[in-house]
**Student:** 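Here it is: the structure, laid out below.
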Amino acid sequence: MEFSIKNMETKQLAEALDKIHLKTMKASRGKSKFLDRVIEKNAEYSKSRRDILTEYLVVDEKGQFQTDAQHHFVFKETKAMADCEQELFDLDNETIVILSLEHTQAYQTFFEALQEADVPELTSDELFILDKILDQFESQGKGVKTDEA
């Protein structure tokens with residue numbers, strides 16, 4: 001199985017998954033394995049964002065991004081703002097893929113349980129990303145073979 005989302009959706013997906021409680025340990029273990037991958041992808045994304053910002057922004061002696069009197073970040077070069085914004089936009093909208101690899105059965109159990117689960121109140125964004133992931137699960141069918149690395 002494989003699931004595609006944008007980098008900027010990883011945090012919302014992790015937050016939505018964290019709110020969902022399942023009744024069986026088997027489904028919960030699948031959720032845990034999927035959530036671990038989402039959190040890992042979000043950490044990679046966050047590091048990449050910080051790397052981009054560090055390239056363009058002034059960093060103080062404490063390692064924090066410097067701000068001016070109006071609390072705006074201070075760029076190393078004035079003309080760099082547009083380049084920085086474009087790189088961040090591109091990173092935010094980059095599609096990442098989460099493969100089930102050795103956890104295909106666990107993911108399948110989780111997503112089948114999720115389709116029937118009582119879901120707590122979620123934000124519209126959280127519902128949107130869960131719907132997107134469930135659509136991908138449904139489109140891949142239930143008899144899915146383990147992905148190759």
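This is a predicted model, so every value here is computed, not measured. Computation of the quantities below employed the complete heavy-atom set of this structure, encompassing side-chain atoms and omitting hydrogens, waters and symmetry-equivalent molecules.
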**Student:** Is there a side-chain contact between Leu88 and Leu53 (heavy atoms, below 4.5 Å)?
**Tutor:**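 Result yes, sub-4.5 Å side-chain heavy-atom pair found.
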**Student:** What's the verdict on side chain to side chain contact (heavy atoms under 4.5 Å, CB included) for Ile133 and Ile98, showing C-alpha distance, side-chain angles and the deciding distance?
**Tutor:** CA-CA 11 Å; Ile133 291 293; Ile98 299 172; over 6 Å; no
**Student:** Under the salt bridge (charged side-chain N to carboxylate O under 4.0 Å, His left out) test, which residues partner Glu87, sequence neighbours left out?
**Tutor:**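 Result, salt bridge (charged side-chain N to carboxylate O under 4.0 Å, His left out) vs Glu87: none returned.
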**Student:** In terms of the angle between their ring planes, are His103 and Tyr107 parallel, tilted or perpendicular, with boundaries placed at 30° and 60°?
**Tutor:**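 The rings of His103 and Tyr107 lie parallel, inter-plane angle below 30°.
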**Student:** Is there a donor-acceptor contact under 3.5 Å from the side chain of Lys33 to the main chain of Thr104?
**Tutor:**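 Judged by distance alone, no pair lies under 3.5 Å.
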**Student:** So, do Phe137 and Phe34 have ring centers that fall under 6.0 Å from each other?
**Tutor:**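 No; Phe34 has its ring centre 6.0 Å or more from that of Phe137.
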**Student:** Under a 4.5 Å side-chain heavy-atom rule over Ile, Leu, Val, Met, Phe, Trp and Tyr, are Met25 and Phe110 clustered together?
**Tutor:**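 Result: no, two separate clusters.
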**Student:** Can you confirm whether more than 12 heavy atoms, excluding those of Asp131, are under 6.0 Å from its CG atom?
**Tutor:**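 Result for CG/Asp131: enclosed.
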**Student:** Salt bridge between Arg37 and Glu40, side-chain N to carboxylate O under 4.0 Å?
**Tutor:**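 Yes, Arg37 and Glu40 are salt-bridged.
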**Student:** Side-chain heavy atoms under 4.5 angstrom apart, residues restricted to Ile, Leu, Val, Met, Phe, Trp, Tyr: same cluster for Phe128 and Leu134?
**Tutor:**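 Different clusters.
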**Student:** Sub-3.5 Å donor-acceptor pair from the side chain of Glu15 to the main-chain atoms of Glu126, do we have one?
**Tutor:**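 No: the side chain of Glu15 does not pair with the backbone of Glu126.
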**Student:** Would you name the heavy atoms of Ile39 and Ala14 that are closest together and state the gap between them?
**Tutor:**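 Looking at all heavy atoms of both residues, the closest pair is CG1-CB, 4.3 Å.
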**Student:** I'd like to know if the side chain of Glu116 and the backbone of Glu112 have a donor-acceptor N/O pair within less than 3.5 Å.
**Tutor:**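 Looks like no, no N/O pair under 3.5 Å.
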**Student:** Within this structure, what is the CG-NZ distance for the pair Leu127 and Lys132, rounded to the nearest 0.5 Å?
**Tutor:**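 Those atoms lie 14.5 Å apart.
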**Student:** Could you walk me through whether Asn7 and Asn93 pass the side chain to side chain contact (heavy atoms under 4.5 Å, CB included) check?
**Tutor:** CA-CA 6 Å; Asn7 269 326; Asn93 289 288; over 6 Å; no
**Student:** Determine whether the aromatic ring centres of Phe75 and Tyr56 lie less than 6.0 Å apart.
**Tutor:**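 No, the ring centres sit 6.0 Å or more apart.
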**Student:** If two hydrophobic side chains count as joined below 4.5 Å and joins carry through other members, does Leu91 share a cluster with Val38?
**Tutor:**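 As far as the 4.5 Å side-chain criterion goes, Val38 and Leu91 are not connected within one cluster.
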**Student:** Under the criterion side chain to side chain contact (heavy atoms under 4.5 Å, CB included), I'd like the reasoning laid out for Leu35 against Leu13: C-alpha separation, chi angles, the key distance, then a yes or no.
**Tutor:** CA-CA 8 Å; Leu35 181 57; Leu13 179 56; over 6 Å; no
**Student:** Is it true that atom CZ of Arg49 has more than 12 heavy atoms of other residues, nucleotides or ligands lying nearer than 6.0 Å?
**Tutor:**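 Result for CZ/Arg49: enclosed.
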**Student:** Just verifying a value: how many Å separate Glu77 CD and Cys84 SG, rounded to the nearest 0.5 Å?
**Tutor:**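 Separation between the atoms: 12.0 Å.
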**Student:** Please answer whether the main-chain N or O of Arg50 pairs with a side-chain N or O of Thr54 as donor and acceptor at a distance below 3.5 Å.
**Tutor:**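 Yes, the answer is positive, given that a donor and an acceptor are paired below the 3.5 Å cut-off.
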**Student:** Quick one: does any side-chain atom of Lys31 pair with a main-chain N or O of Ile20 as donor and acceptor, under 3.5 Å?
**Tutor:**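 Looks like yes, one N/O pair under 3.5 Å.
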**Student:** What heavy-atom pair brings Asp68 and Val74 nearest, and what distance separates the two atoms?
**Tutor:**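 Scanning both residues completely, I find the closest heavy atoms to be N-CG2, 3.8 Å.
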**Student:** Would you sort out whether Tyr45 and Asp92 count as a side chain to side chain contact (heavy atoms under 4.5 Å, CB included), showing the intermediate values?
**Tutor:** CA-CA 8 Å; Tyr45 165 58; Asp92 290 349; 2.5 Å; yes
**Student:** Does NZ in Lys26 sit with more than 12 non-hydrogen atoms of other residues, nucleotides or ligands closer than 6.0 Å?
**Tutor:**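 No.
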**Student:** Count I, L, V, M, F, W, Y as connected when their side-chain heavy atoms are under 4.5 Å apart, and connections chain through other members. Are Leu17 and Leu122 then in the same cluster?
**Tutor:**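 Shared cluster, yes.
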**Student:** Rounded to the nearest 0.5 Å, what separates atom CD in Gln140 from atom CD in Glu138?
**Tutor:**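 The CD atom of Glu138 is 11.0 Å from CD of Gln140, to the nearest 0.5 Å.
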**Student:** Please give me the minimum heavy-atom distance between Ser4 and Thr95, naming the atom from each residue.
**Tutor:**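 The answer is CB-CG2, 3.8 Å.
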**Student:** Which value, rounded to the nearest 0.5 Å, describes the distance between Ile5 atom CD1 and Ile129 atom CD1?
**Tutor:**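 Nearest 0.5 Å value for the CD1-CD1 distance: 5.0 Å.
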**Student:** Give, for atom CG of Asp83 and atom CD1 of Ile52, the distance between the pair rounded to the nearest 0.5 Å.
**Tutor:**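 Spacing of CG (Asp83) from CD1 (Ile52) equals 11.5 Å.
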**Student:** Does NZ in Lys19 sit with more than 12 non-hydrogen atoms of other residues, nucleotides or ligands closer than 6.0 Å?
**Tutor:**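 Correct, the count exceeds 12.
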**Student:** Hey, what do you get for CD (Glu55) to NZ (Lys76), rounding to the nearest 0.5 Å?
**Tutor:**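 Interatomic distance, Glu55 CD to Lys76 NZ, rounded to 0.5 Å: 7.5 Å.
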**Student:** Has Phe89 got more than 12 heavy atoms of other residues, nucleotides or ligands less than 6.0 Å from its CZ?
**Tutor:**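 Count not over threshold, so no.
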